[in-house]
Protein chains: 2
Amino acid sequence: MPNNQFKKGELYSFITGKASTAIGRRLQKNFKQANIEITIEQWSVLYHLWKVDGMSQQELCDATFRDKPSITRLVDNLEKLKLVKRNASREDRRKNLIVLSPEGKELEEHCMEVANTTLNEALQGVTNGQVEIAKEVLQMVYDNLK
Amino acid sequence: MPNNQFKKGELYSFITGKASTAIGRRLQKNFKQANIEITIEQWSVLYHLWKVDGMSQQELCDATFRDKPSITRLVDNLEKLKLVKRNASREDRRKNLIVLSPEGKELEEHCMEVANTTLNEALQGVTNGQVEIAKEVLQMVYDNLK
DNA sequence: GGCATATAGTTGTTTATGCAACTAAACAAA
DNA sequence: TTTGTTTAGTTGCATAAACAACTATATGCC
């Protein structure tokens, strides 16, 4: 039975995530304008390290909703940029603990400022009540599919 | 002034589009299970051609929110799969009109069934009223940033 | 007609994703 | 201790995105 909550064009927009694509592009653009030379994917890893430094790659997978090869390569690139370092774990030699360099730590304040600005741009004219419901729906969608 | 509608973790989810990523992955998985051997990006192009066959690449850019190189390569791959064909336009020799092959046309029904099923999976337990508001918010976000 | 500019599309480079196959270390059971 | 299984991470390959530089055609203006 076809779902008729969505007209054809809307179905497309919803499935392809037009809005979140737009937010990502704007964030990337805002980083560039602020002379922050990282990608939003790299930002998404740093974001979690700023909260808890020294996470393992597997923990970063879970936090960022990315698979292991993606994190391997994001960490590769962040290491090239000297923003993080892989430290072998003492307790479990299979694990790499990813720790921020001083340069990586320094980025936090500026990046989070830009992220908040971007979110404010995105949510112009949207009421708190609407945002709450949208967040709920998106969370339910995620829970339904995970 | 920082936006305090979002707690930290929520900000991350919203910006990175956790929900729409999950929908995309599920759609891809459902295509695979249905033995439909295309990517969701290829689907997004076919989707618009099923509505209006013979669009130019530029029109596909606008419809799919992708840039020109992306469409060039998606059309390349769709041509390799023999699902579409580039026809030079008579009126404007700069333009390629992208037309569906019989195989491309055949895919429509099955693909749209799978897309609708996927959307139903995603929206389990979400009321029509909530969906309406979420759609509005996402549209406003898109309009704010485009 | 001739020149500047805009539009349509392609190509090259870097970064990232998804999937499968792989290595190495840890753990569990006999 | 050895054997099998799970977990952590890496590598290879195909597809895709973002950006810049490019070619070719069309158009507007003098």
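Computation of the quantities below employed the complete heavy-atom set of this structure, encompassing side-chain atoms and omitting hydrogens, waters and symmetry-equivalent molecules. From a predicted model like this one, the values you see are computed outputs, not experimental measurements.
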Under a 3.5 Å distance rule, please check whether B:Q130 uses its side chain to pair with a backbone N or O of B:T127 as donor and acceptor.
yes
Whether A:Q28 side chain and A:I40 backbone form a donor-acceptor pair below 3.5 Å
yes
Atom [atom1] of [X] and atom [atom2] of [Y]: how far apart are they, to the nearest 0.5 Å?
| X | Y | atom1 | atom2 | value |
| --- | --- | --- | --- | --- |
| B:R26 | B:T21 | CZ | OG1 | 13.5 Å |
| A:L27 | A:E121 | CG | CD | 9.5 Å |
| A:L60 | A:L97 | CG | CG | 10.0 Å |

Please figure out whether A:T21 or A:I71 has its closest DNA chain D nucleotide nearer the 5' end.
A:I71
Close approaches to DNA chain D from [range], in residue order (heavy atom, under 4.0 Å):
| range | result |
| --- | --- |
| residues 52-60 of chain A | A:S56, A:Q57, A:Q58 |
| residues 24-41 of chain B | B:T39, B:E41 |
| residues 77-98 of chain A | A:R86, A:R94, A:K95, A:N96 |

All pairs passing salt bridge (Lys or Arg N to Asp or Glu O under 4.0 Å) where residues 88-105 of chain B contributes a residue, at least two apart:
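Qualifying pairs: B:D92-B:R94.
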Flag the pair B:L123 / A:N144 as yes when at least one side-chain heavy-atom distance between them is below 4.5 Å, and no otherwise.
no
Within the structure provided, determine whether B:R66 and B:L74 are in side-chain contact (heavy-atom separation under 4.5 Å).
yes
What does the inter-axis angle of the helix from C:dG1-D:dC30 to C:dA30-D:dT1 come out as, five pairs per end, nearest 10 degrees?
10°
Does the side chain to side chain donor-acceptor pair (under 3.5 Å) test come out yes or no for A:D67 and A:S70, once each step is laid out?
CA-CA 5 Å; A:D67 68 357; A:S70 294; 2.7 Å; yes
Below 4.0 Å: OP1/OP2 of D:dA17 and any side-chain N or O of B:R66
yes
Between D:dG9 and A:T72, is there an OP1 or OP2 to side-chain N/O distance shorter than 4.0 Å?
no
Would you mind checking if B:R86 and B:E79 are paired as a salt bridge, meaning a charged N to carboxylate O distance below 4.0 Å?
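Salt bridge flag = yes for B:R86 with B:E79.
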One thing to verify: whether A:K18 and B:D143 come together as a salt bridge, which I'm taking to mean a side-chain N less than 4.0 angstrom from a carboxylate O.
no
Just by distance, with hydrogens left out, do B:S44 and A:T16 show a side-chain donor and acceptor under 3.5 Å apart?
no
Rounded to whole Å, please give me the gap between NZ in A:K68 and C1' in D:dT11.
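Atom NZ in A:K68 sits about 13 Å away from atom C1' in D:dT11.
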Span of DNA chain C, from the first to the last nucleotide whose atoms fall under 4.0 Å of chain A heavy atoms
C:dT15 to C:dA26
